[in-house]
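Note sheet for the following structure.
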Amino acid sequence: MPIPVVDKEKCIGCGTCVALCPEVFDLDSEGKSYVKNPEGKCDNLKEVVESCPAGAISLK
Ligand code: SF4
């Protein structure tokens, strides 16, 4: 399974990734996304990567 990684420098805090996969992503106290559980349920990580308007999510 690919592991998602968020580049906080690029994240604009739109919340799309959290809305799509709330078990995997969350927003921190600064409103930036982080991976709270890389193994959380997420139907389509690739879609989340493609939906991020800032290109801040990658898979490794
Ligand atoms: Fe940040 Fe991208 Fe998630 Fe929006 S979708 S909160 S820009 S990582």
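Values in this document were obtained by computation on a predicted structure and should not be read as measured data.
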What closest approach, in Å, do [X] and [Y] show between heavy atoms, and which atom pair accounts for it?
X     : Y     : result
Glu9  : Asp7  : N-OD1, 2.9 Å
Ala56 : Cys11 : CB-N, 3.7 Å
Lys10 : Ala54 : O-CB, 3.3 Å
Glu23 : Lys36 : O-CE, 3.7 Å
Cys17 : Phe25 : O-CD1, 3.6 Å
Pro38 : Pro4  : O-CD, 4.1 Å

Other than [X], which residues form its hydrophobic cluster under the rule that side-chain heavy atoms must be closer than 4.5 Å?
X     : result
Ile12 : none
Ile3  : none
Val5  : none

Handout entry: Same apolar cluster: Val48 and Leu27, side chain cutoff 4.5 Å
Key = yes
Exercise for the section: Look at the side-chain heavy atoms of Ile, Leu, Val, Met, Phe, Trp and Tyr, link any pair under 4.5 Å apart, and say whether Leu59 and Val18 land in one connected group. Expected result: yes
What residues, two or more places apart in sequence or in another chain, satisfy side-chain hydrogen bond (donor to acceptor under 3.5 Å, both in side chains) together with [X]?
X     : value
Glu50 : Lys46
Lys60 : none
Asp28 : Lys8

Exercise for the section: Measure SG to SG for Cys21 and Cys42 and state whether it is below 2.5 Å. Expected result: yes
Practice task
List the steps and the verdict of side-chain contact (heavy atoms from CB on, under 4.5 Å) for Asn37 and Val24.
Solution key: CA-CA 5 Å; Asn37 181 6; Val24 176; 5.8 Å; no
